[in-house]
Amino acid sequence: MTTTPLSLYLHIPFCARKCPYCDFNTYAGLQALFEPLSVALAREISAAGAARGRPPVHTIFLGGGTPTVLSAGQLARVLDACHQAFTILPEAEITSEANPGTVDRARFADLRSLGVNRLSMGVQSFDGDELAFLGRIHSADDAEIAFAHARAAGFDNINLDFIFGLPQQQPATWQSTLQRGLALAPEHLSLYSLIVEEGTPLAAWVASGRVPAPDEDLAADLYEMAQARLAAAGYQQYEISNWARRHPAGGSFQSQHNLTYWRNADYLGFGPGAFSGEQGRRWSNLRSPAEYIRRSDAGQPLLDSEEQATPALAMGETMMVGLRLLDEGVNRAAFQARFGRDVSEIYPDILTELAAAGMIEVTPTCVRLTPAAVLIGNRVFARFLPD
């Protein structure tokens, strides 16, 4: 039986409307699949927990898509399956994503009654024109109202997502979005630069000249603006795209689930297209919700792909994701415990070169990015991946 607590990711592949920039495995207009998908998802969770002897779990994340399009009963089914199949620790962080356009006071109360204790709300912007460009179904006022409803339902750990670097985005508009977001005093903020993903409507718009491509220099300016504004408001930037407030009882509101990914620890993903990583093995489920349901009902495998990471790849990926943690970085003791060698033995020349260039700091306990290298982190990460 696994003794190190796992993280569980539950993928709900449904949205009220698919946003033009999104390349996630999500679909609109499939309401007829909500019920059978929840049944199939609970079945997959049950089988995985039984096969592993009900191992301990310290985080659960309901993502998508928009989990809150499911009914309270359907969400209860999949969360009950988690509790039956795994040993959910008393202090477990249980997060649900929430679209401000699909939730109301009653839905937030339902989530709290189901044991969800953290929300991640996809606000993205407080500007009406930007929300329309991004294809969001909510208004700025809707987002503020939804936040108030979440607080009234008892949520005291809320993350707000925002997107910056939109084509021709005005710095004043970004400042206004940050100001309105901070005025709500969320415990956590996630800020993501707009990426033009292949195969999305946004990519087609850019290719046809309908909209200009995002400006990387503008995005960098907006990012640095946010860094300064959030630091002044008392938020700690603990990861390249994530900020958290200090917890009144000590510690902070850092996302415990996402820390699993950044520490390259084990997690299990359930649902169509979900990915898992356990003991160096990585695998993913088939993407089609209808086929996922059909195979589940027929007792057939849900696997789409799998691989066993080589030691070189596992070490490189541990460096890549760990360096995203700006203070913690890659913990040298944890790295050695996992791989049997210190980072300085594996990457002596790379560490020396990057440190000399002022891009990383090598301490007795960790390796981490310097503030000067945050905007060019991808160049640093690539140095640790095998050719």
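All values derive from a computational prediction rather than experimental measurement.
There is no path of hydrophobic side-chain contacts, each under 4.5 Å, that joins Tyr21 to Met121. Both Leu230 and Phe164 sit in one connected hydrophobic cluster of ILVMFWY residues. Membership requires side-chain heavy atoms under 4.5 Å apart, directly or through other members. Each of Ile145 and Ile158 belongs to its own hydrophobic cluster when Ile, Leu, Val, Met, Phe, Trp and Tyr are linked at side-chain heavy-atom distances under 4.5 angstrom. Residues Tyr9 and Leu79 are members of separate hydrophobic clusters, defined by side-chain heavy-atom contacts under 4.5 angstrom among Ile, Leu, Val, Met, Phe, Trp and Tyr. If you chain together hydrophobic residues whose side chains sit under 4.5 Å apart, Met225 and Ile163 never meet in one group.
Listed for the Thr66 side chain is no donor-acceptor partner under 3.5 Å among the backbone atoms of Cys15. Between the side chain of Glu317 and the main chain of Asn264, no donor-acceptor pair closer than 3.5 Å is present. Arg368 places a side-chain N or O within donor-acceptor distance of the main-chain N or O of Asp327, the cut-off being under 3.5 Å. Panel note: side chain Gln175, backbone Gln170; no donor-acceptor pair is recorded below 3.5 Å. Side-chain N or O atoms of Trp243 include none that pairs as donor or acceptor with a backbone N or O of Tyr235 at under 3.5 Å. Judged purely by atom type and a 3.5 angstrom limit, Gln256 uses its side chain to pair as donor or acceptor with the backbone of Gln254. Judged by distance alone, the side chain of Arg136 and the main-chain N or O of Gly101 form no donor-acceptor pair under 3.5 Å. Side-chain N or O atoms of Arg54 include one that pairs as donor or acceptor with a backbone N or O of Gln84 at under 3.5 Å. Thr318 places a side-chain N or O within 3.5 Å of a backbone atom of Ala314 that can act as its donor or acceptor partner. Although no hydrogens or angles enter the test, the distance criterion places a donor-acceptor pair under 3.5 Å between the side chain of Asn117 and the main chain of Ala92.
No side-chain heavy atom of Met319 sits less than 4.5 Å from a side-chain heavy atom of Ile346. Here the side chains of Ile45 and Phe86 are in contact, with some heavy-atom distance below 4.5 Å. Contact check for Ser241 versus Arg324: side-chain heavy atoms found under the 4.5 Å cut-off. Side chains of Val69 and Asn99 form no contact here, defined as non-hydrogen atoms less than 4.5 Å apart. Contact of the Ser296 side chain with the Leu302 side chain is registered, since non-hydrogen atoms from C-beta on lie closer than 4.5 Å. Here the side chains of Pro186 and Phe253 are not in contact, with every heavy-atom distance at 4.5 Å or above. Leu189 places none of its side-chain heavy atoms less than 4.5 Å from the side chain of Leu178. Side-chain contact between Val211 and Leu202: present, with at least one pair of heavy atoms (C-beta onward) separated by less than 4.5 Å.
With a 6.0 Å radius and a threshold of 12 heavy atoms from other residues, nucleotides or ligands, Glu91 has its CD atom above the threshold. By the neighbour-count criterion of 12 heavy atoms within 6.0 Å, atom CD of Glu224 is densely surrounded, having more than that number from other residues, nucleotides or ligands. The environment of CZ in Phe34 is crowded: more than 12 heavy-atom neighbours from other residues, nucleotides or ligands sit within 6.0 Å. Within 6.0 Å of CZ on Phe275 lie no more than 12 heavy atoms contributed by other residues, nucleotides or ligands. For CD of Gln300, the number of neighbouring non-hydrogen atoms (other residues, nucleotides, ligands) closer than 6.0 Å is greater than 12.
Residues Tyr261 and Tyr267 place their aromatic rings such that the two centres sit under 6.0 Å apart.
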* **Stepwise salt bridge (charged side-chain N to carboxylate O under 4.0 Å, His left out) check, Glu278 with Arg281** => CA-CA 5 Å; Glu278 187 179 32; Arg281 175 180 170 244; 5.2 Å; no

* Check the pair Arg107, Asp110 against salt bridge (charged side-chain N to carboxylate O under 4.0 Å, His left out), reporting the backbone distance first and the verdict last. => CA-CA 5 Å; Arg107 177 46 53 90; Asp110 290 338; 3.8 Å; yes

* Take Asp342 and Phe335, measure what side chain to side chain contact (heavy atoms under 4.5 Å, CB included) needs, and give me the verdict at the end. => CA-CA 7 Å; Asp342 183 71; Phe335 187 97; over 6 Å; no

* To do: Walk me through it: do Val57 and Leu268 pass the test side chain to side chain contact (heavy atoms under 4.5 Å, CB included)?
  => CA-CA 10 Å; Val57 164; Leu268 299 177; over 6 Å; no

* Would you sort out whether Asp161 and Gln124 count as a side chain to side chain contact (heavy atoms under 4.5 Å, CB included), showing the intermediate values? => CA-CA 6 Å; Asp161 279 352; Gln124 314 312 0; 3.7 Å; yes

* **Verdict with reasoning, Glu44 to Asn285, per side chain to side chain contact (heavy atoms under 4.5 Å, CB included)** => CA-CA 11 Å; Glu44 184 190 8; Asn285 286 343; 2.9 Å; yes

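The minimum heavy-atom distance between Val374 and Leu369, with the atom names listed, is CA-CD1, 4.3 Å. Considering all non-hydrogen atoms of both residues, Asp304 and Leu286 come closest at CB-N, 3.4 Å. Here the shortest heavy-atom pairing between Cys22 and Lys18 reads O-CE, 3.4 Å. Here the closest heavy-atom approach between residue Ser190 and residue Asn242 is recorded as OG-OD1, 2.5 Å.
Between the side chains of Thr95 and Ser120, no donor N or O sits under 3.5 Å from an acceptor N or O. Side-chain atoms of Asn25 and Tyr27 form a donor-acceptor pair, as typed in the model, at a separation below 3.5 Å. In this structure, a donor-acceptor pair under 3.5 Å is absent between the side chains of Asp127 and Gln169. A donor-acceptor contact closer than 3.5 angstrom is absent between the side chains of Ser38 and Gln74. Asp349 and Thr352 share no side-chain donor-acceptor pair at under 3.5 Å.
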Taking only distance into account, with no hydrogens and no angle test, what donor-acceptor pairs under 3.5 Å do side-chain atoms of residues 378-387 form with protein atoms, sequence neighbours excluded?
from: Arg383; atom 1: NH1; to: Glu353; atom 2: OE2; distance (Å): 2.9
from: Arg383; atom 1: NH2; to: Glu353; atom 2: OE1; distance (Å): 3.1

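Separation of atoms CH2 (Trp262) and CG (Leu323) is listed at 13.5 Å; rounding is to 0.5 Å. The SG atom of Cys19 sits 7.0 Å away from the CG atom of Leu134 when rounded to the nearest 0.5 Å. We find the CD1-CD1 distance between Ile88 and Ile60 to be 4.0 Å, quoted to the nearest 0.5 Å. Distance check: Asp80 CG to Cys82 SG gives 9.0 Å after rounding to the nearest 0.5 Å. In this structure, CG on Asp215 lies 9.0 Å from CG on Leu222, to the nearest 0.5 angstrom. Atom CG of residue Asp266 and atom CG of residue Leu6 lie 6.0 Å apart, to the nearest 0.5 angstrom.
Under the 30°/60° scheme for interplanar angles, the aromatic rings of Phe155 and Phe108 are found to stand perpendicular. Ring orientation note: the planes of Trp174 and Phe162 are nearly perpendicular, at an angle over 60° on the 30°/60° scale.
Salt-bridge formation is detected for the pair Arg77/Glu35: a Lys NZ or Arg NE/NH1/NH2 atom is positioned less than 4.0 Å from an Asp or Glu carboxylate oxygen. Using a cut-off of 4.0 Å between Lys/Arg side-chain N and Asp/Glu carboxylate O, Arg118 and Glu187 are scored as not salt-bridged.
Under the salt bridge (Lys or Arg N to Asp or Glu O under 4.0 Å) criterion, Arg180 pairs with Asp141, Glu144, not counting sequence neighbours.
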